[in-house]
Structure formats: C-alpha cells, structure tokens
Amino acid sequence: KTPLRYGIIGFSIMLLVASLIKYFGFLAGTIGVFEIGINEILLSLIGFVFLFLIRFLANYKAGAAEKVSDRKIYTSEAA
C-alpha cells in the first residue's frame with residue numbers, strides 16, 4: 001500500500017474516533033450539541049500525517065536497504 005492510502009486510513013480512523021467520542025458524550029448529556037467542528041478535522045489531519053510518515057519512512061528504509069544489498073552483490077562479484 002502507498003503512503004497516501006495509509007494517510008487516508010489514519011485520517012478516517014481519527015475522525016471516526018473523535019466523532020464517536022463526541023456522540024457518546026452527547027448521549028451521556030455532557031455535550032449539549034453534537035457537531036463535528038474544525039478541531040476534529042485538525043485532529044484527523046494529525047492521524048493522516050502520522051500514518052503517512054510511518055509508511056513513507058518504511059518504504060524509504062526498505063529502498064535504502066535494497067540499494068545497500070545490491071551494492072554488496074556488485075562489489076563481491078567484482079573482487
């Protein structure tokens with residue numbers, strides 16, 4: 001999966017969790033009005049960034065390790 005897909009999944013999970021918490025607070029009576037505001041969207045963007053970065057860095061690390069192993073193969077064959 002691509003980093004963008006992981007970011008969208010992170011955004012969705014964080015928005016779902018924030019919405020559920022607000023909804024349960026509304027049902028319990030601690031929140032007067034159930035609404036999704038800019039704070040929930042910003043919190044969800046943090047989830048997007050975290051999962052995007054995790055997947056991006058994992059792909060980067062895998063690509064760097066692959067290049068190192070290719071270099072070792074070429075140098076051992078030349079020796």
Side-chain angles (χ1 to χ4, degrees):
K1 293 183 176 180
T2 64
L4 182 61
R5 188 176 291 173
Y6 271 85
I8 292 170
I9 291 170
F11 179 86
S12 301
I13 290 171
M14 292 296 282
L15 186 60
L16 178 68
V17 169
S19 299
L20 286 175
I21 290 171
K22 279 211 153 200
Y23 182 67
F24 288 138
F26 174 72
L27 289 178
T30 59
I31 298 174
V33 177
F34 175 72
E35 62 182 356
I36 303 299
I38 191 71
N39 290 334
E40 287 76 30
I41 302 300
L42 292 176
L43 181 67
S44 300
L45 286 175
I46 292 171
F48 175 90
V49 170
F50 280 153
L51 283 183
F52 178 87
L53 282 177
I54 288 169
R55 189 58 177 170
F56 178 79
L57 293 174
N59 286 348
Y60 180 77
K61 183 179 177 183
E66 197 173 286
K67 287 180 184 178
V68 168
S69 66
D70 287 345
R71 211 173 335 167
K72 287 181 182 178
I73 291 171
Y74 294 134
T75 56
S76 64
E77 288 176 1

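Since we're looking at a predicted model, the values are computed, not measured. All values below come from the heavy atoms of this structure, side chains included, with hydrogens, waters and symmetry mates left out.
- Taking CD1 of Ile13 as the start and CD1 of Ile8 as the end, the distance is 12.0 Å to the nearest 0.5 Å.
- Residues Val17 and Ile9 are members of one and the same hydrophobic cluster, defined by side-chain heavy-atom contacts under 4.5 angstrom among Ile, Leu, Val, Met, Phe, Trp and Tyr.
- In terms of hydrophobic clustering, with Ile, Leu, Val, Met, Phe, Trp and Tyr side chains grouped at heavy-atom distances under 4.5 Å, Leu16 and Ile21 are assigned to different clusters.
- Residue pairs that meet the salt bridge (Lys or Arg N to Asp or Glu O under 4.0 Å) test with at least one member in residues 7-16, sequence neighbours left out, do not exist here.
- For the atom pair CZ of Phe52 and CZ of Arg55, the computed distance is 11.5 Å after rounding to the nearest 0.5 Å.
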Table please: side-chain donor-acceptor pairs of residues 25-50 below 3.5 Å, with sequence neighbours left out.
unit_1, atom_1, unit_2, atom_2, d
Thr30, OG1, Gly25, O, 3.1
Glu40, OE1, Gly37, N, 2.6
Glu40, OE2, Lys22, NZ, 3.4
Ser44, OG, Leu15, N, 3.1
Ser44, OG, Glu40, O, 2.9

